[in-house]
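One structure is given below, encoded as structure tokens.
Convention: sequence-line order gives letters A, B, ...; per-chain numbering from 1.
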There are 2 protein chains.
Amino acid sequence: MALSHAILVSLLDRPQTGYELAKRFERTVGFFWKASHQQIYQQLHKMAAQGLIDGETVAQAERPNRIVYALTADGQQALQEWVATPTAPPSVKEELLVKLFALGEAAPETLLRQIAARQGLHRERLAEYQALREQHYPQPSGLKPRQRGRYLGLRLGILLEQASLAWCAEALELVGALDEPAPRANENASDGDPPLAR
Amino acid sequence: MALSHAILVSLLDRPQTGYELAKRFERTVGFFWKASHQQIYQQLHKMAAQGLIDGETVAQAERPNRIVYALTADGQQALQEWVATPTAPPSVKEELLVKLFALGEAAPETLLRQIAARQGLHRERLAEYQALREQHYPQPSGLKPRQRGRYLGLRLGILLEQASLAWCAEALELVGALDEPAPRANENASDGDPPLAR
DNA sequence: GCTGCATATGCAACGATTGGCATAAAGCGG
DNA sequence: CCGCTTTATGCCAATCGTTGCATATGCAGC
């Protein structure tokens, strides 16, 4: 119910082929919505059948044909309607945190390694994002509307990476402390079911 | 490839019925991994067929029978192996950010409302999490291993909610500025494809 | 007494997503 | 000139996830 919308949004910029869409998904919209090329091609067929987009085949000399998709009036309307629809909270899939729930049953070293790996990832991304920000969005208040949306995406990326990094530091410390000095004994104490969230 | 693992982790605490698992998913593991009860029941059947868990039917007077599932040795081993496996980065599905990409094409007021709604959600959650933290995890360094995992989950929740709130404030300001004073003209300037991320 | 909620489990249909594979040609490096 | 990567599109199978529905009972509140 939403990959189609992400595609519509992307086509707003200009008509594109499936291949282009797939590549752009890796750089822009895809930061908030991942999709593989198979998924995109299939979705494009469906959307064309529904009349949301319109594909035009362009023959190319000595290259495979390309199919360039553009928004139809229906597609634009569908997009407008979707934007006006209340947004569901983001769905979460944080494997690492699920693993941490097994802490006490599993070797802490294994988890330490994975947290460190995660830390590296966040560091890389943060550096990337900050570079992009400096290059492309020097002063946000001067941006045109469409750029503001993109800037805000980047901004959320930066804030979340920073928060994640702070968490990694805490986690390394807290899990690391288990490794060497402690006796790691006696886990089954009284507590009925110490809740966490939601 | 991971709901089964989340269930295994949850069964680590104690044997549980599908119903209990579904309810706990709303409070604990489910913060990082959502699942509906239908999904859980189906998964339980599969896992029982694979020998990862073992279900025992308990007849109850004047209540539907319950099926209590417990980890088998195979299940425990599968869990250990999974924990030792490198963790994939979390998958993201942030609908709101996709919508922001349509900024300039769509009415800013609509988006403002949705950002405000999101802000409310984050505020609520943050308050919840902080209350839980104060109640259950007064001093993290004194926690037993298993509690540390849970504490870290809560901690990440708090950090991410705070970051999200900071973002909401920025977003409201930047999108709100579009609403009243500006002429909102001329969007199609030079820029080829200002990238964002990844 | 009716309504709604909580307990407790499940099926069926559909849609979303992933992974493997296939085709086809151009350009690049060794 | 051989193999690798890039461009460009697609099928198929399997799994994962969501929505709607069904069943059965007990308890609390109106």
| request: Identify which nucleotide among D:dA8, C:dT7, C:dT9 has an atom closest to any side-chain atom of B:Lys23, counting heavy atoms from C-beta outward. | output: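 Looking only at side-chain atoms, B:Lys23 lies closest to C:dT7.
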| From the list C:dT17, D:dC11, D:dA8, which nucleotide is the closest neighbour of the side chain of A:His45? |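 The nucleotide sitting nearest to the side chain is D:dC11.
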Less than 4.0 angstrom between a side-chain N/O of [X] and OP1 or OP2 of [N], yes or no?
X: A:Tyr41; N: D:dT9; value: yes
X: B:Lys46; N: D:dC16; value: yes
X: A:Tyr19; N: D:dT7; value: yes

For atom [atom1] of [X] and atom [atom2] of [N], their distance in whole Å:
X: B:Glu20; N: C:dT9; atom1: CD; atom2: P; result: 8 Å
X: B:Trp33; N: D:dC16; atom1: CH2; atom2: P; result: 10 Å
X: B:Leu3; N: D:dA14; atom1: CG; atom2: C1'; result: 16 Å
X: A:Arg66; N: D:dT6; atom1: CZ; atom2: C1'; result: 13 Å
X: A:Gln16; N: D:dA8; atom1: CD; atom2: P; result: 12 Å
X: B:Asn65; N: D:dA24; atom1: CG; atom2: C1'; result: 11 Å
X: A:Leu44; N: D:dA8; atom1: CG; atom2: P; result: 15 Å

Which residues satisfy the side-chain hydrogen bond (donor to acceptor under 3.5 Å, both in side chains) test with [X], sequence neighbours excluded?
X: A:Ser164; value: none
X: B:Thr87; value: A:Lys99, A:Gln114
X: B:Glu81; value: B:Gln77

| request: Not counting sequence neighbours, which residues clear salt bridge (Lys or Arg N to Asp or Glu O under 4.0 Å) with B:Glu124? List them please. | output: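 For B:Glu124, no residue satisfies salt bridge (Lys or Arg N to Asp or Glu O under 4.0 Å) once neighbours in sequence are set aside.
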| task | Only counting residues at least two apart or in another chain, list the ones meeting salt bridge (Lys or Arg N to Asp or Glu O under 4.0 Å) with A:Arg133. | result |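 Expected list: none.
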| message | Angle between the two end axes of the helix from C:dG1-D:dC30 to C:dG30-D:dC1, five base pairs per end, rounded to 10 degrees? | response |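 End-to-end axis angle: 40°.
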| query | Who pairs with B:Tyr19 by ring-ring contact (aromatic ring centres under 6.0 Å, His included), at least two apart in sequence or on another chain? | reply |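 Per chain and number, B:Tyr19 pairs via ring-ring contact (aromatic ring centres under 6.0 Å, His included) with no residue.
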| task | Could you pull out all residues at least two apart from B:His37 that satisfy ring-ring contact (aromatic ring centres under 6.0 Å, His included)? | result |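 Partners of B:His37 by the ring-ring contact (aromatic ring centres under 6.0 Å, His included) criterion, ordered by chain and then number, come out as B:Tyr41.
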| Of A:Ile67 and B:Gln43, the one whose closest DNA chain D nucleotide lies more 5' |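 Result: A:Ile67.
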| request: Decide if the gap between the ring center of B:Tyr129 and the ring center of B:Phe31 is smaller than 6.0 angstrom. | output: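 Yes: the rings meet the under 6.0 Å criterion.
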Hey, what are the protein-to-nucleotides 18-20 of chain C N/O distances that come in under 3.5 Å?
from, atom 1, to, atom 2, distance (Å)
C:dT18, OP2, A:Gln39, NE2, 3.1
C:dG20, O6, A:Gln38, NE2, 3.2

| query | Would you call the rings of B:His5 and B:Trp82 parallel, tilted or perpendicular if under 30° counts as parallel and over 60° as perpendicular? | reply |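 Ring orientation of B:His5 relative to B:Trp82: parallel.
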